[in-house]
Amino acid sequence: MIPDTLKTKLKRRVAAAITNREAAIDVMKSLQAHYGWLTDEAVQEAAEIVGLSTLQIEELATFYEMIYRRPVGRRVIHACDSISCWAMGGEALLAHLSGHLEIKVGETTADGAFTLLPCCCLGNCGEAPTMMIGDTIYGRVTLESALEILKRERGEI
Amino acid sequence: MPKLIIDDITVEVAEGVTVLEAAQSVDIPIPHFCWHPALGKAGACRVCAVKLLDGPIKGIQMSCMLPAQDGMVVSTVDPEAVAMRQQVIEWLMINHPHDCPVCDEGGQCQLQDYTIACGHGLRRYDGKKRTHLNQDLGPNIEHEMNRCIQCYRCARFYQEFAGGTDFGVMGSASRVYFGRFEDGELQSPFSGNLVDICPTGVFTDKTARFRARYWDFDMAPSICPECSLGCNTTPVARYRELLKISARHNDAVNGWFICDRGRFADKKVNSFDRPRVPLVNGSSSGWGDAVDAVAKKAAEFAPGSIAVVASSRLANEGAALLPDLARALSGAKLCFFSNEVICRASITAASQITPHMAASLDDVASADCIVIYECDLRQEAPMMLLAVRQAWRKGAPVFLVGKGAPLEQAAAVSVEAVDLDIIVEAPIGIFDRPVIIFSTMRSSAAEIKNLMAAEAKFAPLFDGPNGMGMAKLAAANSTISLESAVKSGLIKGIITIECVIADELRGEIPIIAALDWQMNSSVKNAGVFLPTTAWVEMNGTFVNNEGRAQQFKKVMAPGIPVSATLESGHPPRIHSLDVPGGEPKPAWEVITEIMKRL
Amino acid sequence: MEQILFRHNRPGRVVTFEEYRSEGGFSALKKGLTTMSPDGVQQTVIDSGMRGRGGAGFPTGKKWSFVPRNLPGPRWLICNCDEMEPGTYKDRILLESNPYSLVEGIILACYAIGVRHAFIFIRRGYEQAAANLKNAVAEAHGAGFLGENIFGSGFSCDVDIHLSAGRYICGEETALMNSLEGRRANPRAKPPFPAIKGLWGGPTVVNNVESLANVPYIIAHGAEWFKGTAATAEASGMKLFCVSGHVANPGCFELPLGTRLGEIIYGPCGGMRHGSSFKACLPGGASTPYLTAEQLDVAMDFDPVAKEGSRLGTGGIVVFDQHTCMVGATLNLVRFYARESCGWCTPCREGLPYVVHLLEKIEAGQGREEHIQILKEHVQRLNYAFCALAPGAMGPVDGLLRHFEDEVREHITKSRCPFGGS
């Protein structure tokens, strides 16, 4: 259950929208921020707030990359696997992260800290290879600096 | 009017018609999956590729997306176009499971047909196929996502055309998935159309699963008996069993679709306890003896003391004979309706309406204003609701008038309707093509007279598939309702023709004879029972709610379904040339037999 | 060299509202709204010859002119900041250093087209750029550059910032409109074109960040001045080139449109890294066919690059050195597109995974000669997809087969990747 304050806020967002649907992505993102991922319960709540069916919310949730319909760790590591990062060793970096965290790509560490996902271009190509942890973008990541970054991120959780 | 050349044939079509339809109009078929006459273009499947050799546009184009233009020179047989269509099929078949031997769609599958037509025969792709998990979509529809070719017809029909909200498309890229948020029965009253509209076997009729192959079907054009709209159907039978019903295309009536009630209604025709042999005082009898018994019993009644009662289940061929039957029975009272109010309402609607005033479902779909007066279309005429949605999608306001017109019916097709208390609040006058929908089962004759004074078209609803036909005959033969006949105190015996009479109405009056194909209280209480054929077992005519007489053809011969006899372990061990349970005859034939004896 | 979009840049931080204004910022807005008619603004942009900077290169002013003047109902402007083309990061660099030119350009464009309400559709991951834009919009409101009756001109305008939930296809203008409306980002059929029937059925213009950000300078200094900043007589204006890959000094540089490819790589980029040699590059993002060492003299402008069989695209140049396996690079690119397909049409949804499959086999040394033929068929037939994504995905495959067919064949004949790839 989301707090009433959040629900009221989101209902106001829907009321201010040009059409209900226009607010759907914002509502899903807020619910995801609250729960950590878009739980089944969150889909129900989003449907109620936006005035769509659960299926119609699911149609959107499963289309957009940054809406998670499965549990994720407290921080999601998005490691870019597009061309500039590929050229600069992105594959090796992803393999290194996977090995260090002892999870396969797409999995979450046992302590629930990190989920490792490949992602498409993060728009930081000049500083390849790049990864994004939470909302923070890291460029020119080396195999060594990656471990430093993970350590720091883990400390902040 | 654009004039173009397709495969050396000059075609002239109306403005806005696509090249695909222009080609169809001269019998040049172009393969298509996503395009559907009712849903329009989507541009998703890309299998309708043609090459434009000359004119305003050139090169490979999708014929479903392209409005015909003057001067176009189109080739459907150009090698490049042929290669593109073949390529599309190769792409679609990469992940298709090739499970045609166990697929109910086999033999009537567009994917099979176009795979052959487009010339894809050799598999070049040697990677793995993607697979999906299926959902339980309820008792009526089987889901097999692995067969999906992602034409998007289902999702477009369900949400856009039918206004359903619990089924759609999820995922993206090569993992799109057509289904529900979670397992469960589809909520739309039109969900069964997924079976018809899917070009392959993703959605099949679960009620008839694995029962017969397409090429073994007994089928014929028919009319749905579930309400008065007369939707066109194709019932399918095999081994004397009605298996399933699909929609039959008729632009003026139901378009391409039917409702779930019409499709999945209880198949009483197959019922094991269906009365199939003539009975005299409860004992089985031959046809001759049974008809003699009717004549003998009827002769015991004083002139004018018998009532002949029919219901609007009865086809016109039988109904038209009833005035003669009544005369032959020494002036029996003829009742086409039991209930007095419904009788008068039906006769009023039928005699006031002219062909010019009657709104077909197509007229409803293209109306610019809809009034639903004191009725619930979910119950009385579901396909009317689908037509209302099409009008609403084109901008027509929908007014629900009176407490008998609940708002939930609009919600069932995601239509935003305006709730009014009385008819005068609906601003019918400001519209060019308003339609008023009302029911002869809910409104009185006076109300209907009042309604029909408006400048509008009308869609009256009747209490059965031949309601309009019965009302017209009732008016022409100045008949009365059974209710008022009984009230007169003169009626001492009743003959029912495919009709159930409420016990409180009949009181102590005996039923001399009952003609029917369903088991009911009239049949149980009748002195003589004469089995008639159901609509799928005969040729006949129903007159639908707008006054359109539509023929239905015999789909199957009457008889106990082989599957029912198998339930007892073995077919009957009696050697006979006759089909077991094959006695029923069309009502008109039985009526004629009776008249011959009177 | 004179800079246009980068002229206000401060090292390591975003320029402030006050700094931008003190350097002439928002004077073009005042000039436009108080001394020019909407048609005048539009005509100036048409006269400037500026071609859209998002990739397709359609003239910006001309796009505006397609909006019918007298249609009733709301019309919309959308700034496309869904920069997700691999190898492209110019809009982020611009907005992280200066969001104000864009905001000023949007208001001018709205004035020219008669738009009351504009949207900036910004991709996920550009959180800093989005924050900068939110501030800039608020500051512009505070100063009276947005809102009701701007400069007493009677013209009113608002800008909303929409944060995407992430999907490459959202950058396609009609998919973007679906996304903004809260639908799945499937592209829409054209016609009707967005200028006639776009967002919520109203006339809509979708422009790239860089295109709109240039508008204030065109209005301030005139069409001729803008044209003159290019490197060739045919080109018009400056261009943000963002370079990545195996160069010594990757980065985003504002250079005259028409600057030669070699001049970019061996100029501001400092040449190839570690003294390696140039093998090929994507001239304008992931969808553009490769250019090779023989083509380093090409003027980086729309038509000259097209003449070389590629496209200027976004100006995102991805450079590969001689150690790069072009089959591997192409495989990476097509994998990206296969994953980012929206799933609407068959060629894209099924054809791209097919191409991935073939390239995987070739790269793994399991390729066969006939695979080359199937790839060529796909280059041809994916052109007939619903939108430009699948044809774009075939750009690099086309380049691979035109310039590096021998390298592909070497994979097949040796049954392994000659560069030691998987």
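Numbered from 1 within each chain, the chains take letters A, B, ... in sequence-line order. Keep in mind that this is a model prediction, so the values were computed, not measured.
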Asker: Most heavy-atom pairs under 4.5 angstrom with chain A, which of C:Ser244, C:Gly125, C:Pro250, C:Ser164?
Answerer: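 The option with the most such pairs is C:Ser244.
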Asker: Take A:Leu122 and C:Tyr126, measure what side-chain contact (heavy atoms from CB on, under 4.5 Å) needs, and give me the verdict at the end.
Answerer: CA-CA 8 Å; A:Leu122 288 163; C:Tyr126 280 21; over 6 Å; no
Asker: Flag the pair C:Thr324 / A:Trp86 as yes when at least one side-chain heavy-atom distance between them is below 4.5 Å, and no otherwise.
Answerer: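 Yes. Closest side-chain heavy atoms under 4.5 Å.
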Asker: Identify which of C:Cys342, C:Pro396, C:Ala286, C:Gly343 forms the greatest number of heavy-atom pairs closer than 4.5 Å to chain A.
Answerer: C:Cys342
Asker: Could you tell me whether the side chain of A:Arg21 and the main chain of C:Arg183 form a donor-acceptor pair under 3.5 Å?
Answerer: no
Asker: Can you tell which part of A:Thr62 gets under 4.5 Å to a heavy atom of chain C, answering side chain, backbone, both or neither?
Answerer: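 Side chain only.
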Asker: Does the side-chain contact (heavy atoms from CB on, under 4.5 Å) test come out yes or no for C:Glu85 and A:Cys121, once each step is laid out?
Answerer: CA-CA 7 Å; C:Glu85 178 84 4; A:Cys121 185; over 6 Å; no
Asker: Determine yes or no for a side-chain-to-main-chain donor-acceptor pair under 3.5 angstrom, with C:Arg92 supplying the side chain and A:Gly123 the backbone.
Answerer: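 Judged by distance alone, yes, a pair lies under 3.5 Å.
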Asker: Could I get the full list of side chain to side chain contact (heavy atoms under 4.5 Å, CB included) partners for C:Pro11, not counting sequence neighbours?
Answerer: none
Asker: Flag the one option from C:Met84, C:His117, C:Arg124, C:Glu83 with the top tally of heavy-atom pairs under 4.5 Å to chain A.
Answerer: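 When all of C:Met84, C:His117, C:Arg124, C:Glu83 are compared, C:Arg124 has the most.
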Asker: I'd like to verify something: which residue of C:Ala165, C:Pro86, C:Gly166 has the highest number of heavy-atom pairs under 4.5 Å with chain A?
Answerer: C:Ala165
Asker: Passes side-chain contact (heavy atoms from CB on, under 4.5 Å), A:Phe63 versus C:Ser179? Steps please.
Answerer: CA-CA 10 Å; A:Phe63 187 91; C:Ser179 185; over 6 Å; no
Asker: Where is the tightest heavy-atom contact between A:Ser82 and C:Asn332, given as atom of each residue plus distance?
Answerer: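 Heavy atoms only, the tightest pair is C-OD1, 3.5 Å.
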Asker: Is there a side-chain contact between C:His246 and A:Met88 (heavy atoms, below 4.5 Å)?
Answerer: yes
Asker: A:Ile83 versus C:Phe336: any side-chain heavy-atom pair under 4.5 Å?
Answerer: no
Asker: Out of curiosity, A:Ile137 CD1 to C:Glu127 CD, how far, rounded to the nearest 0.5 Å?
Answerer: 8.0 Å
Asker: Which residues in residues 96-119 of chain A have any heavy atom closer than 4.5 Å to a heavy atom of chain C?
Answerer: A:Pro118, A:Cys119
Asker: Using non-hydrogen atoms and a limit below 4.5 Å, what part of residues 124-132 of chain A faces chain C?
Answerer: A:Asn124, A:Cys125, A:Gly126, A:Met132
Asker: Report, in residue-number order, which members of residues 42-60 of chain A are under 4.5 Å from chain C by heavy-atom distance.
Answerer: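 Listed by number: A:Glu59, A:Leu60.
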Asker: Would you call A:Ile18 and C:Trp76 a side-chain contact if the rule is heavy atoms closer than 4.5 Å?
Answerer: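 Yes - at least one pair of side-chain heavy atoms lies under 4.5 Å apart.
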Asker: Is chain C contacted by the side chain of A:Asp81, its backbone, both, or neither, given a heavy-atom distance below 4.5 Å?
Answerer: both
Asker: Could you tell me which portion of C:Val318 (side chain, backbone, both or neither) has an atom closer than 4.5 angstrom to a non-hydrogen atom of chain A?
Answerer: side chain
Asker: Which atoms of C:Tyr337 come close to chain A, meaning under 4.5 Å heavy atom to heavy atom: side chain ones, backbone ones, both, or neither?
Answerer: neither
Asker: Just so I understand: if I count every heavy-atom pair under 4.5 Å between each of C:Lys90, C:Arg184, C:Glu340 and chain A, which residue has the most?
Answerer: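 The option with the most such pairs is C:Arg184.
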Asker: Does any heavy atom of chain A fall under 4.5 Å from the side chain of C:Leu163, the backbone, both, or neither of them?
Answerer: both
Asker: Quick one, C:Glu181 with A:Glu22, criterion side-chain contact (heavy atoms from CB on, under 4.5 Å). Give me CA distance, side-chain angles, the key distance, then yes/no.
Answerer: CA-CA 5 Å; C:Glu181 288 182 10; A:Glu22 187 238 306; 6.0 Å; no
